[in-house]
Amino acid sequence: MAYEAQAIIQSIIAEKTSRATQKIKITPSYVYPFVLLRRADFVKAAGGAEITLSRDDNLQEITASGDREAVGRVIESIRSCAAFYEGDLTSVKISLPKRQHRLFDSASLDQIVQKSKCSVVVPPPEDPSEDVHVWGRAANLGLGLQAVMERANSQHTHSIPIRTVPRHILTHVHQSGYGKTFSNAHPSVDIHFPSSSSGVSNVDFIGERAAVEAAHKELTAYLALLENATRAVQVDYIIHNILRAKAGKQLKGYHESKNILVYFPPETEAESSIILVYDPQSTKAGTDKQAALTEIEAEILALVGTLGQIKTETIGVERKWHSILRGKNNSTLNAIIGEGRALAIDVGGSGQEDIVVIRGSPTDVDRATKDVLRIVEEATNDAIASGYVTEFQIPQQFVARIVGTAGSGIQKYREQLDVKIDIEDLRDSGEQVVGKKKKATPSNMSLLKVTGRKQNAEEAKKRILAQVEKMADETIEVLKIPRQYHSIIIGQQGKYIQRLQDKYGGAKIHEIMSETGAHIDVGDKDRQKDKEDGSTIAVTIKGTKKAVAAAKSAVLAIAAAVDDETTVVLHIEPKFHRTIIGGGGVGLRNLLARVGAPSDPKEQVGLVRFPQNGDEVTLRGERSLVKKIQAELERVVAGLRERVVLGVAIPAQQHRMLIGHGGQPLMELEKRTGAEVQFPGSRSYNQVAPAENAAELQDADPKDVVKVVGPRSACEKAIGELLESVSRAPNREKKESNKDRAAPGHTVTIQVPFKHYHLLQPSGNLARDLRSLGVHFSQQGKPKRDGVAEGRIDDEVESDNHGVEWKLVKYGADAGD
């Protein structure tokens, strides 16, 4: 049993340690929308491992959870993507009234990114700036500005400034529920009341002009009633809870007796002002607002005087213990303070000194003082146990990567092992540590000091040294890829970068990195130098020597393939484009398959590009392949230009015979003649143009007219074979069936159950089979049942109740009194 328990525990530990969760905050903010668009690349960077990605738009963070190694690769991929966009984007600003900023919610910002490939950064409401920044590549900024202006002018906007004590008015609007009631009364208007603590005093309206003006008029009248109807009473925020607990009923009664509403500030604001508001909508509202406010202010201050004195205690506590005293999200402080107590604890004082200030009732202050001293004592004792220190040196060149971006590497060790890592550059001191002695010798080393519990500190040292050993085997190689073929240069990026990034959506680079373990950056870190050097673009490869060699080979292979690329432009009439592409691209994929193009859809992207307007079809790729595609396209287009549509009348009952089992005879005929045959009722029949000999078939039943499409000679050949097949068709089936039929003109009426009526639809398979046997029938309208005019989803159906009789009764009808 003990061994089984041990195995279970070890398996749980293995599972937990093999999984990880990491967050990465995307900065600057204008990069965030572009990074979100590359989610598929991040998933691919996981290499097929289980991974979950989530986003927090408010914090602009992306969280990756799953296999530990995969999470690391994904986070690195996200970081690399953000760095790329940070250097690749530029911006333009436009000034818009603050009220129009409300139009740019998260949904509209996403639409602008999708539409214009530009992100929009709008300052928060409390920021007085009216500047809106549009970020994107230079070629897209025009579309971005256009999208912003379209959104800004999409709805009427208006604002009302609250000029008199806006904090008092907004406190009343929010705490009384008036803001929500007012918004509900105007559902067609989007109304934004700022928070009382935001410093913003404008109420914004968005909607149709008439609706906005009506809401504006009503709110203006309401605000006029609140003029000289508010007052702030200063009462130490520490005793707000006690005041509400001991005099809550009396405070609420002020509304009934004096028409005064009393509002306390949120506890989180540590605000001492209690707001009094003379209710403007009460039936008891009079004209002597100030007298009522003065009377209630005096009563509240009198109540405060009965609550006793406030004691202040200042304790000396070193700043290094402040974070422990606060706890995560102030959890430790909240536990010390408790609920409903008149107590406030200020850790560090206003100047972040080595003190803790406690204020409140004498009893609560004495208790909290003991708790604070106890927590500090426990932390001190724990620090002694966690005070093990180990020191070692690593080459200075690896320090930056150990530290990580914004200290992320050090933070990882701190979170996982609860250790503190200090780094000293020995070049600054000119000393080299040997054992416990220091010698004054030049050094290119850095000293790392790891503090924590012994086991944890030694594990951190082991991991860092292993990381350094791996980095020591790494190398960096910069490939200078020529910039040429300027006709397909994208911005400042040449065709190799187009091949590596645009063609594959960045996936090719990630694929190479995933397969080799190397890291690849495209473009010089010195962006200005990269822009000035128009002849080459830098591709930097980092990793172990083996990984770099493999990645270099892959990149150069792509470059070599690009060197063999060519571009050909064909002029093809737009009317043929949809036919060549086919539904869902099937036609184009089949064409590429016929010439031996790669079957991978990613490899096919860019081989053939049809314009949105015009007749220029662009082929780009390997010379030999482009030549084959060109020849096949020219052959297909030549056939389309010669294509005609001819009709032939063939009795409908013969169509099934001509199509044959599984359509095989028809396909063989089409292959043999080079023409396409469309029978009435087929999916594509009505998409084919009318037959050019339609005048000759005007007397024929439309159900008999078969369309034949292709070159004229092919169509004529196919029609000849169709007619010959009909003339040679055996009539044995017809004769045998005639023996069993009633005399000509004989009519039989058959009752068809209502539930099977849909099987006799004229276009259904059963109806066609009956007609092919010479059976003709007519429907005298849809069958009806008594009291039912037409079929509905709630129609009653016949069912077997298995002898059980059901009766509907009112719930509780049989219950006793």
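Worth knowing before you read on, the calculation uses all heavy atoms, side chains too, and leaves out hydrogens, waters and symmetry mates. These numbers come from a predicted model, not from an experiment.
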Straight-line distance of Arg151 CZ to Gln146 CD, nearest 0.5 Å:
15.5 Å

Okay, side chain of Lys23, backbone of Ala64: is any donor-acceptor separation there less than 3.5 Å?
no

Is the CD atom of Gln397 crowded by more than 12 outside heavy atoms at less than 6.0 Å?
yes

The side chain to side chain contact (heavy atoms under 4.5 Å, CB included) partners of Lys117 (sequence neighbours excluded) come to Asn140

Closest non-hydrogen atom pair, Gly452 against Val419:
CA-CG1, 4.4 Å

Please confirm whether the backbone N or O of Ala550 pairs with a side-chain atom of Ser553, one donor and one acceptor, at under 3.5 Å?
no

Test item: Gln604 side-chain N/O and Pro598 main-chain N/O as donor-acceptor pair under 3.5 Å
yes

Is it the case that the side chain of Arg414 and the backbone of Lys420 share a donor-acceptor pair, with hydrogens and angles ignored and the cut-off at 3.5 Å?
no

Atom of Arg68, atom of Ala20 and distance for their closest heavy-atom approach:
NH1-CB, 3.7 Å

Do Gln60 and Arg55 have a side chain donor and acceptor closer than 3.5 Å?
no

Shortest non-hydrogen contact from Phe42 to Val35?
CE1-O, 3.3 Å

Crowding at CZ, Arg578 (>12 non-hydrogen neighbours, <6.0 Å):
no

Could you check whether Arg79 pairs with Glu76 (Lys NZ or Arg NE/NH1/NH2 to Asp/Glu carboxylate O, under 4.0 Å)?
yes

Test: Asp88 and Arg137 ion pair at under 4.0 Å:
yes

Distance, nearest 0.5 Å, that separates NZ of Lys461 from OG1 of Thr390:
4.0 Å

Basic-acidic side-chain contact under 4.0 Å: Lys44, Asp41:
no

What's the separation between atom CH2 in Trp135 and atom OG in Ser91, rounded to the nearest 0.5 Å?
3.5 Å

Between Lys628 and Glu632, is the closest basic N to carboxylate O distance under 4.0 Å?
no

For the backbone of Ser331 and the side chain of Asn329, can you confirm whether one donor and one acceptor N or O come within less than 3.5 Å of each other?
no

Verdict with supporting geometry, Gln416 and Lys412, side-chain contact (heavy atoms from CB on, under 4.5 Å)
CA-CA 6 Å; Gln416 294 180 359; Lys412 178 183 68 175; 3.4 Å; yes

Counting N and O atoms only, with roles assigned by atom type, does the side chain of His577 sit under 3.5 Å from a partner on the main chain of Asp615, one being a donor and the other an acceptor?
no

Examine the side chains of Gln455 and Glu459 and answer whether a donor and an acceptor come within less than 3.5 Å of each other.
no

Let's go through Leu607 and Leu625 carefully: what are the C-alpha distance in whole Å and the side-chain angles of both, what is the deciding distance for side-chain contact (heavy atoms from CB on, under 4.5 Å) to 0.1 Å, and is it a yes or a no?
CA-CA 9 Å; Leu607 284 175; Leu625 179 58; 4.1 Å; yes

Consider only side-chain N and O atoms of Tyr32 and Asp57, and report whether a donor and an acceptor are under 3.5 Å apart.
yes

Evaluate side-chain contact (heavy atoms from CB on, under 4.5 Å) for Val71 paired with Thr21, printing each intermediate quantity in order.
CA-CA 7 Å; Val71 165; Thr21 297; over 6 Å; no

Has the side chain of Ser129 got a donor or acceptor atom that lies under 3.5 Å from a matching backbone atom of Asp131?
yes

Main-chain N/O of Val113 paired to Ser116 side chain as donor or acceptor, under 3.5 Å:
no

Check step by step if side-chain contact (heavy atoms from CB on, under 4.5 Å) holds for Tyr388 and Asn456.
CA-CA 9 Å; Tyr388 176 81; Asn456 296 16; over 6 Å; no

First locate atom NE2 of His133, then atom OG of Ser119, and finally report the distance between them rounded to the nearest 0.5 Å.
11.0 Å

Gap between atom CD1 of Ile572 and atom CD1 of Ile580 - 0.5 Å precision
4.5 Å

Thr544 side, atom OG1; Met471 side, atom CE - distance, nearest 0.5 Å
13.5 Å

Other residues, nucleotides, ligands: >12 heavy atoms within 6.0 Å of Lys25 NZ:
yes

Identify which one of Val43, Leu37, Leu36 satisfies the side-chain contact (heavy atoms from CB on, under 4.5 Å) criterion when paired with Arg39.
Val43

Side chains of Tyr30 and Glu86: donor-acceptor distance under 3.5 Å anywhere?
no

Residue that, paired with Cys118, satisfies side-chain contact (heavy atoms from CB on, under 4.5 Å) out of Val134, Leu143, Val148
Val134

